Number of protein chains: 2
Amino acid sequence: MDLRLLRAFLAVADHRHYGAAAHQLSLTQPALTKQIQTLERQLGGHLFTRGRHGAALTDLGQSLLTDARDLVVRSDLLASRAVRFAQGTVGRLSVGFGLSSIELAPWSVAEFRRRWPDVSVTLDDMSSRAQIERIAAADLDVGFVRLPAGAGLQQYTLRQDRLAVAAPSAPAGELGAWLREHDLVRLHRDKGPGLAGHIDRFCAAQAATPGTVQVAHDLQTVLALVAAGVGPALVPASATRIAPSTVSVTPIDDPGASWDVGVVWNPEHCPPVVSNFLNVVVPGSVRAGQPSAVGNVRS
Amino acid sequence: MDLRLLRAFLAVADHRHYGAAAHQLSLTQPALTKQIQTLERQLGGHLFTRGRHGAALTDLGQSLLTDARDLVVRSDLLASRAVRFAQGTVGRLSVGFGLSSIELAPWSVAEFRRRWPDVSVTLDDMSSRAQIERIAAADLDVGFVRLPAGAGLQQYTLRQDRLAVAAPSAPAGELGAWLREHDLVRLHRDKGPGLAGHIDRFCAAQAATPGTVQVAHDLQTVLALVAAGVGPALVPASATRIAPSTVSVTPIDDPGASWDVGVVWNPEHCPPVVSNFLNVVVPGSVRAGQPSAVGNVRS
DNA sequence: GAGTTCTTATAACGTCAAGGAATGGACCTG
DNA sequence: CAGGTCCATTCCTTGACGTTATAAGAACTC
């Protein structure tokens, strides 16, 4: 069953005239005649009764008509959907975000949704480390994470973040000394292994090893505990926004306290939707439209 | 969108191996490679990631898979249905019958239904004249009628029928004299114009012009009126079976009282279902299976 | 790490069928 | 009967498809 022959059949059925049908198909009449003859040979029966008034459908032709139309329409739909999918106009995209990107991800996703409304976007909240693992496994498309991402992945730095002291009042005196005198409210390691590691390294660099007053499972709670006077905490400066007004957040002005935040993706798994998303986040970063092009489209 | 390419795509998707897929398609591997490349070029994206372990579907391939399967299945269905329709294995058949063929038609149709269960048969009850008109207009496929059918139609004689006298008791004496002494219960002309004409001609040949006692609209009623003593009637001898036991039916032994009954069809409109039906009615009358064949079926 | 063995991709070539131009033939119309 | 309108046929060119042979790449083996 060749769709080309079915299209020929439908054209003739519509026009009831070989010449007109051939013109519509950009063919000459003899070519069309041969196509219809081929189809009739394959089916084993005549599709049209030819006569002075042109071509009229036989019973067989009539019985074929609706289904043939249906099939041709479906094939066109299939093709157009596939092309749009290949262009990233439709499809699915999963985006990861976490502590490091509370402000970055939502905006990017909203903008992407506006530009590509037919792509369904999934937002997943998880630690930078988990994002990176899943991106490497091609299980997640892109992520907003604490950099660097690691080998094999591509990244783009969007901005910097740094540690800040969250306490009822700003710490007085030298920071290292202050740290040596306080135990900290901490975020559970699993919820932010990158952050935890960073805090450890920074404290070590300050020659301090503060203990743990209490562990919380999200940043909101950490800040609430700080506000309740349980103890101070080291938090990302970007968390200022979600801090209660009774908590003083003091960014730490030290190179060792800062890190890069950016978007990460897997160059081995970069379908058009991903390229399009990256172009929203970092305009001009990736050529858009046909990143996985395979040559010229003919038909 | 070429179904051949979709089949290639599905084969590779199933086997995840070009060689195996090519074998299934009775192709060599390079040919299959080219088909997939063609499809990928048309869609504008890769369908498979090729590697040591064969070919794995990309997102694009995955998104195409179910719809492609559906389309291919539908095309196969369409083709097989069309072929069976062309062979007369499925389809529609309208059969006409009337007074002349009360016993012939039902048996033929029943037998045909047994042999070709997927053809839906419509039985239409109408006069021979109406059947012939509709057959000539290709509005009815075949009919069981009083012969001859007329120009342009083909017919086959199945048996003879003749007039019979239906009366409370068999007519005594010479028939012509008897006819001249009785008025008749008659069937409405429109219900059996052929029969009515035949009766008129026969009576005229017997030098009788019997009047009309009463007109009924079906044969059953005519016989009931006879049984009720309203008057005698001339009816087809084949009507014996439906006559009440109190009515004596005496076939008339005269060449002028008999006629042929047979099956009629339109040679200009003789799709396979019709040929198949005729083969049931008159085994061997028409070559079965591919009466409207158009050459050899290749694919 | 060189060789082997899996893959898929490419090159070269022959074949066959699709399409175009010209022509034929059947049928109606004036 | 000439002219017009259809579809069918013929002949020819071109290109697409498939085959054979070979390359190229990646993952094992020893």
Side-chain angles (χ1 to χ4, degrees), chain A residues 1-43 45-58 60-61 152 267-269 292-299, chain B residues 1-43 45-58 60-61 152 268 292-299:
Chain A
M1 205 22 75
D2 188 344
L3 284 177
R4 195 174 42 98
L5 301 183
L6 284 188
R7 286 182 207 278
F9 164 67
L10 292 179
V12 176
D14 285 343
H15 291 86
R16 290 212 206 67
H17 187 291
Y18 274 61
H23 180 74
Q24 175 193 307
L25 297 169
S26 302
L27 280 179
T28 55
Q29 171 263 315
L32 182 56
T33 291
K34 267 213 307 201
Q35 290 196 1
I36 299 295
Q37 286 175 339
T38 303
L39 187 56
E40 288 179 330
R41 208 174 334 117
Q42 285 179 3
L43 299 180
H46 287 285
L47 290 167
F48 299 100
T49 57
R50 286 82 155 166
R52 43 256 166 247
H53 323 99
L57 282 167
T58 61
L60 174 59
E268 304 290 316
H269 169 74
S292 72
V294 193
N296 294 326
V297 177
R298 285 176 315 165
S299 171
Chain B
M1 205 23 75
D2 189 342
L3 284 177
R4 196 174 42 98
L5 301 183
L6 284 188
R7 285 182 208 279
F9 164 66
L10 292 178
V12 176
D14 285 343
H15 291 87
R16 292 212 199 67
H17 187 290
Y18 274 61
H23 183 257
Q24 175 193 307
L25 297 169
S26 302
L27 281 178
T28 54
Q29 170 263 315
L32 182 56
T33 291
K34 270 214 305 204
Q35 290 195 0
I36 299 295
Q37 285 176 339
T38 303
L39 188 56
E40 288 180 329
R41 209 176 330 121
Q42 285 179 5
L43 299 179
H46 287 285
L47 290 167
F48 299 101
T49 57
R50 287 82 155 167
R52 177 71 180 75
H53 310 295
L57 282 166
T58 61
L60 173 59
E268 305 290 318
S292 73
V294 192
N296 293 328
V297 177
R298 284 176 315 164
S299 171

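Note on naming: letters A, B, ... go to the chains in the order of the sequence lines (proteins, then strands), and numbering restarts at 1 for each one. Keep in mind that this is a model prediction, so the values were computed, not measured.
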Side-chain donor-acceptor pairs of residues 15-22 of chain B under 3.5 Å, sequence neighbours excluded:
unit_1   : atom_1 : unit_2   : atom_2 : d
His15(B) : ND1    : Ala11(B) : O      : 3.0
His15(B) : ND1    : Gln24(B) : OE1    : 3.4
His15(B) : NE2    : Gln24(B) : OE1    : 3.3
His17(B) : ND1    : Gly19(B) : N      : 3.0
His17(B) : ND1    : Ala20(B) : N      : 3.0
Tyr18(B) : OH     : Arg50(B) : NE     : 3.2
Tyr18(B) : OH     : Arg50(B) : NH2    : 3.2

side-chain contact (heavy atoms from CB on, under 4.5 Å) partners of Ala56(B), counting only residues at least two apart: Thr49(B)

Between dA16(D) (P) and Arg4(B) (CZ): distance, integer Å: 12 Å

Gap between atoms NE2 and P, on His23(B) and dT7(C) respectively (whole Å): 14 Å

Donor on one side chain, acceptor on other, Gln42(A) and Thr38(A), under 3.5 Å: no

Reported CG-to-CG distance for the pair Leu32(B) and Leu5(B), which is rounded to 0.5 angstrom: 10.0 Å

Value in whole Å for how far the C1' atom of dG19(C) lies from CG of Leu5(A): 13 Å

Heavy-atom pair of closest approach, residues Ala8(A) and Leu25(A): CA-CD1, 3.7 Å

Over all atoms of both residues, closest heavy-atom pair of Phe9(B) and Leu47(B): CD1-CD1, 3.9 Å

Between N or O atoms, less than 3.5 Å apart, protein on one side and nucleotides 10-12 of chain C on the other: list the pairs.
unit_1  : atom_1 : unit_2   : atom_2 : d
dT10(C) : OP2    : Gln37(B) : NE2    : 3.0

Spacing of Leu6(A) atom CG and Leu39(A) atom CG [to the nearest 0.5 Å]: 6.0 Å

Length of the NE2-P vector between His17(B) and dT5(C), whole Å: 16 Å

Estimated bend of the helix from dG1(C)-dC30(D) to dG30(C)-dC1(D) (axis per five terminal pairs, rounded to 10 degrees): 10°

Closest contact, heavy atoms only, Ala13(A) versus Leu57(A): CB-CD2, 4.1 Å

With the criterion being N/O to N/O and under 3.5 Å, what pairs connect the protein with nucleotides 27-30 of chain C, and how long is each?
unit_1  : atom_1 : unit_2   : atom_2 : d
dC28(C) : OP1    : Arg52(A) : NE     : 3.4

For atom CG of Leu32(A) and atom P of dG19(C), their distance in whole Å: 9 Å

Any side-chain heavy-atom pair of Gln35(A) and Leu27(A) under 4.5 Å: yes

DNA chain C-proximal residues of residues 6-15 of chain B, any heavy atom under 4.0 Å: none

For atom CZ of Phe48(A) and atom C1' of dC6(D), their distance in whole Å: 15 Å

Separation of Gln37(B) CD from His46(B) NE2 (nearest 0.5 Å): 9.5 Å

Protein-nucleotide distance (Leu27(A), atom CG; dA8(D), atom C1'), rounded to Å: 16 Å

dT19(D) OP1/OP2 closer than 4.0 Å to side-chain N/O of Thr28(B): yes

Leu3(A) CG to Arg4(B) CZ distance, which is reported to the nearest 0.5 Å: 11.5 Å

Distance test, side-chain N/O of Arg50(A) to OP1/OP2 of dC6(D), below 4.0 Å: no

Pair Met1(A)-Leu43(A), side chain to side chain contact (heavy atoms under 4.5 Å, CB included): steps then yes or no: CA-CA 9 Å; Met1(A) 205 22 75; Leu43(A) 299 180; 4.0 Å; yes

Leu25(B) CG to dG18(D) P, straight-line distance once rounded to whole Å: 10 Å

